[in-house]
Structures are given as C-alpha cells and as structure tokens.
Amino acid sequence: MIAFVSGPVAALAPDSAVVEVGGIGIAVQCSPNTLSGLRMGQQTKLATSLVVREDSLTLYGFVDDDEKQVFELLQTASGVGPRLAQAMLAVHSPDALRRAVATGDEKALIAVPGIGKKGAQKLLLELKDRLGEPIGAPAVGAPVSQGWRDQLHAALIGLGYATREAEEAVTAVTPQAEAAGGTPQVGQLLKAALQTLNRAR
C-alpha cells in the first residue's frame, strides 16, 4: 500500500499530476482542489490511495489524510467507485460532505455530476454513520474569498496555460465565484475555468 508520495512535481494535467519519486515518475489522479495547490518543479507531498482493479492500478492523490480518508469512506457506499468519490471531493470539501450527510442535504449531493435525487437519498442513508461530524465550523470570510483570483490564475499557469488565457478564464468564471458568496471553492472554479478554456480551443 502506497500511503503517500513525496517529491518534485514533474507534470500537471487537468485531472492528474506526476510526482518524481527516486527517479521514477508516479502518476497520481487528483481533484481540481488538490491540483490547484501544485506547481511544476516544486516539492509536494500527497496522501495517496491505491485502487486495484483486474486491469489497472490507479493511484489517487490528496492534499491531506482527511481528504484521503473521506475518499475511502465514500467508496464503502454501494454504487460509489473511485471516480464518483473523487467527483464528490471535487465539488465539496471533506467537511462540506460531512455537513451535507449530517444535515440530510440532498441538494448538496445532487450538485455532484453523476448523482441524481434517488442516488443522493440512498447515499445520505448509507453514509450517515460513516463520515462522522464536521471537524471545523463553516469558514466565514476565509482567505480564499479574497485570494481566489490569484490562486486560480496561479493554478492555470501551473497547468501550462499562457498568462492571457489564464486571465480570460478567471474573468469567465468571476460571475460563478461571486454567486457562491463569501467563500468560492477554488477547486470548483478551476474545473469551470478549464471547461471554458477547452471550449475556446
């Protein structure tokens, strides 16, 4: 079991990163939120979860052990595989998922691509006693509310986009960020920004 990978970031893609470990490039599937904190050439340490299938070995990477633990717990629910678990963490932070399950917030789960009303109801039932209570209080006026533009811009540059492209993508998702209120999630905005860039190409 590979518990974590540590080393310089050798490559970045919209849904994965390559971390150089002892001269070997390890490909790690990551959520937009995790990718937004990575920079080419810079040292990183990602908590990892190895998913073994008959025809593949896939390593999923996370910003911390909490995110990794929630990723693994989500898969204990029937019908939730690694891709859906990662999609849930791309849309919601671990604490936001705990809060949604604890309060029976169907809408929060339906916001995840691939989860419908019935699926959300089923997940709320199955995960109720597994995820536990939220660890922290909801962030009020968190730094991300002021610095999301810089974080998003830096993440897009890190993924290899030109400065002008990054600026245009940030402008394109600004209405979405403002609609989110005080604390837009950089991971979600990065996903939306990448979609606008893909359409523009």
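FYI, side chains are in, hydrogens and waters are out, and symmetry mates aren't considered; it's all heavy atoms of this structure. Numbering starts at 1 and runs along the sequence shown.
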Can you confirm whether the side chains of Arg53 and Thr58 place a donor and an acceptor under 3.5 Å from each other? no
Is there side-chain contact between Val91 and Leu97, with at least one heavy-atom pair below 4.5 Å? no
Could you give the distance from CD (Gln29) to CZ (Arg83), rounded to the nearest 0.5 Å? 5.5 Å
Do Val63 and Met88 share a hydrophobic cluster (ILVMFWY, side-chain heavy atoms under 4.5 Å, transitive)? no
Do Val170 and Leu189 make a side-chain contact, defined as non-hydrogen atoms from C-beta onward lying under 4.5 Å apart? no
Spatial distance of atom CD1 (Ile2) from atom OG1 (Thr48) [nearest 0.5 Å]: 6.0 Å
Nearest heavy-atom neighbours spanning Ala120 and Ile110: CB-CG1, 3.8 Å
Could you walk me through whether Leu89 and Asn33 satisfy the side chain to side chain contact (heavy atoms under 4.5 Å, CB included) test, starting with their C-alpha distance in whole Å, then the side-chain angles of each, then the deciding distance to 0.1 Å, before giving a yes or no? CA-CA 8 Å; Leu89 285 165; Asn33 208 37; over 6 Å; no
Between Leu127 and Leu73, does a side chain to side chain contact (heavy atoms under 4.5 Å, CB included) hold up when you go through it step by step? CA-CA 8 Å; Leu127 294 170; Leu73 285 170; 5.7 Å; no
For Pro82 and Val51, work out which heavy atoms get closest and say how close. CG-CG1, 3.8 Å
Leu125-Val80 co-clustered via ILVMFWY side chain contacts under 4.5 Å: no
For Ser49 and Glu72, does a side-chain donor sit closer than 3.5 Å to a side-chain acceptor? yes
Do Glu67 and Thr34 meet the criterion of a side-chain donor-acceptor pair at a distance under 3.5 Å? yes
Just wondering, more than 12 heavy atoms not from Glu168 lying within 6.0 Å of its CD? yes
Stepwise, does the side chain to side chain contact (heavy atoms under 4.5 Å, CB included) test hold for Leu38 with Leu46? CA-CA 10 Å; Leu38 303 181; Leu46 295 174; 4.2 Å; yes
At their closest point, which heavy atom of Glu126 faces which heavy atom of Ser78, and how far apart are they? OE2-OG, 2.6 Å
Begin with the C-alpha distance, continue with both residues' side-chain angles, and end with the deciding distance and a verdict on side chain to side chain contact (heavy atoms under 4.5 Å, CB included) for Arg39 and Thr44. CA-CA 9 Å; Arg39 300 288 176 270; Thr44 189; over 6 Å; no
Heavy-atom closest contact (Lys191 atom, Ala90 atom, distance): NZ-CB, 4.0 Å
Would you kindly check if the NZ (Lys) or CZ (Arg) of Lys68 is within the cone defined by 45 degrees around the ring axis of Phe62 and under 6.0 Å from the six-membered ring centre? no
Counting only heavy atoms not in Arg130, do more than 12 fall under 6.0 Å of its CZ? yes
Is there a side-chain contact between Leu124 and Glu106, using heavy atoms and a 4.5 Å cut-off? yes
Could you see if Phe4 belongs to whatever hydrophobic cluster contains Tyr60? Use Ile, Leu, Val, Met, Phe, Trp, Tyr and a side-chain cutoff under 4.5 Å. no
Please round to the nearest 0.5 Å and tell me the distance separating atom CG of Leu84 and atom CZ of Phe71. 10.0 Å
So which of Asp66, Asp129, Asp105 actually passes salt bridge (charged side-chain N to carboxylate O under 4.0 Å, His left out) with Arg98? Asp66
Can you see which heavy atom on Gln86 is nearest to which on Ser31, and at what distance? NE2-N, 3.4 Å
Check whether any side-chain heavy atom of Val52 lies under 4.5 Å from a side-chain heavy atom of Leu50, and answer yes or no. yes
Can you measure from CG (Leu123) to CD (Gln121) and round to the nearest 0.5 angstrom? 10.5 Å
Which atoms form the tightest heavy-atom contact between Lys128 and Val101, and what is the distance? CA-CG1, 3.5 Å
Validation: residues 5-23 side-chain donor-acceptor distances under 3.5 Å, sequence neighbours left out:
none

Would the distance check show the side chain of Gln176 and the main-chain N or O of Val173 forming a donor-acceptor pair, the cut-off being under 3.5 Å? no
Report yes or no: do Val112 and Leu194 belong to one cluster of Ile/Leu/Val/Met/Phe/Trp/Tyr joined by side chain heavy-atom distances under 4.5 Å? no
